[in-house]
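Data first, discussion second: the structure below is written as structure tokens.
Along the sequence shown, the residues carry numbers beginning at 1.
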Amino acid sequence: MLDNTQDTITGAVYKLGDDVNTDTQCSGKYLPGKDEAYIAAQAFEGVAPGFAGRFRAGGIIAAGTHFGINSSREQAVHILHRLGVAAIIAPSFGRQFFRNAINNGLLLVEIDTSALQEGDTVTIDLSRSELVAPARGLKQPLRPLPPQIRAILREGGLIPFLRKHPDWSITQ
């Protein structure tokens, strides 16, 4: 969830490559019958062995192109929440995954991640529309998110937003 006053998230970077589909983070072989904690402990094992074990809550996944492709599996976002993922940054996302993430209160930002390294600390500042990685001397502009999406993220997802704003009224 975004900081309500400043629309910022700061966290350590955890790198993943290109074409990471949702089946690698929430594998169908574990559904049904296994709980989210068990599935989260296996997340990304096929593309980044040990990822779930080294990931720390509040971290930011910096992935390659096409993150979240090939699936509309909403549980994938739930698993990311279970891991404690604060945001995902990547050059591109699967569109169904993008919508599922926003609807479930997970920030996704389309941006080039090639200059980032595992362990870098980054700040995503939506009010300034920028991503900053001080150790890399990096300050990248972001495409501004519409105020409606920022409001949904601030509330923790679409359902909490609609409970609070059933008429879709928002203040910026």
Side-chain angles (χ1 to χ4, degrees), residues 1-18 20 22 25 36 40 43-44 48 51-68 74 76-165 168-172:
M1 187 180 314
L2 292 174
D3 176 302
N4 280 327
T5 59
Q6 298 180 6
D7 288 340
T8 61
I9 292 178
T10 299
V13 166
Y14 294 85
K15 293 282 283 191
L16 289 171
D18 293 333
V20 175
T22 53
Q25 71 196 64
E36 286 183 356
F44 303 109
F51 184 89
R54 71 179 173 273
F55 188 87
R56 297 294 169 252
I60 296 171
I61 293 177
T65 58
H66 310 124
F67 187 90
E74 191 170 355
V77 178
H78 299 187
I79 297 308
L80 292 166
H81 278 304
R82 174 66 73 156
L83 280 170
V85 174
I88 303 173
I89 54 178
S92 59
F93 293 94
R95 298 329 290 170
Q96 288 178 314
F97 176 77
F98 186 91
R99 194 65 228 180
N100 279 338
I102 299 301
N103 285 347
N104 285 283
L106 179 61
L107 175 63
L108 302 184
V109 176
E110 291 183 332
I111 193 165
D112 179 15
T113 58
S114 62
L116 298 172
Q117 298 296 313
E118 180 109 5
D120 285 348
T121 297
V122 298
T123 297
I124 301 166
D125 187 334
L126 297 179
S127 62
R128 294 177 187 233
S129 295
E130 67 183 12
L131 178 137
V132 178
R136 302 263 167 240
L138 183 67
K139 185 183 280 192
Q140 285 183 270
L142 304 176
R143 184 176 341 144
L145 286 178
Q148 296 86 350
I149 290 179
R150 288 173 59 189
I152 290 168
L153 291 167
R154 268 190 234 101
E155 297 300 332
L158 183 60
I159 299 300
F161 172 83
L162 290 174
R163 285 188 183 125
K164 189 170 181 179
H165 307 281
W168 280 88
S169 63
I170 60 168
T171 56
Q172 294 184 26

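- Note that CG of N103 and CD1 of I159 are 8.0 Å apart. Values are rounded to the nearest 0.5 Å.
- The two residues D120 and Q117 come nearest to each other via the heavy atoms OD2-N, 2.8 Å.
- D112 and S114 share a side-chain donor-acceptor pair at under 3.5 Å.
- Salt-bridge check for R56 with E118: failed, with every basic side-chain N at 4.0 Å or more from each acidic carboxylate O.
- Between I111 and I124 there is no side-chain heavy-atom pair separated by less than 4.5 Å.
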Fill in: Stepwise side chain to side chain contact (heavy atoms under 4.5 Å, CB included) test for L107 and L126
CA-CA 10 Å; L107 175 63; L126 297 179; 4.1 Å; yes
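- In this structure, T121 OG1 and R136 CZ are separated by 10.5 Å, a value rounded to the nearest 0.5 Å.
- We find the CG-CZ distance between L108 and R99 to be 10.5 Å, quoted to the nearest 0.5 Å.
- Between F93 and F67, the two ring planes are perpendicular [angle over 60°; tilted spans 30° to 60°].
- Taking both residues in full, the closest heavy atoms of A90 and G64 are given as CB-O, 3.4 Å, listed atom of the first, atom of the second, then distance.
- Residue H81 is tested with V85, V77, I79, L83 for a side-chain contact (heavy atoms from CB on, under 4.5 Å); the sole match is V77.
- One finds the CD atom of E110 at 11.5 Å from the OG1 atom of T65 (value rounded to the nearest 0.5 Å).
- Smallest separation of non-hydrogen atoms from F97 and A76: CE1-CB, 4.5 Å.
- Counting only heavy atoms from C-beta outward, the side chains of T113 and V13 never approach each other to under 4.5 Å.
- Residues L16 and A48 come closest through the heavy atom pair CD2-CB, 3.6 Å.
- Side-chain contact between V132 and D125: absent, with no pair of heavy atoms (C-beta onward) separated by less than 4.5 Å.
- Counting heavy atoms from C-beta on, the side chains of L131 and V109 never come closer than 4.5 Å.
- When all heavy atoms are compared, the tightest approach of L158 to I152 is N-CG2, 3.5 Å.
- A pairwise comparison of heavy atoms in D7 and R154 identifies OD1-NE, 2.8 Å as the closest pair.
- In this structure the side chain of I61 reaches within 4.5 angstrom of the side chain of L80, judged on heavy atoms.
- Note that CD of E36 is 5.5 Å distant from CZ of R82, once rounded to the nearest 0.5 Å.
- Within the 4.5 Å cutoff, side-chain heavy atoms of L116 are placed close to those of L138.
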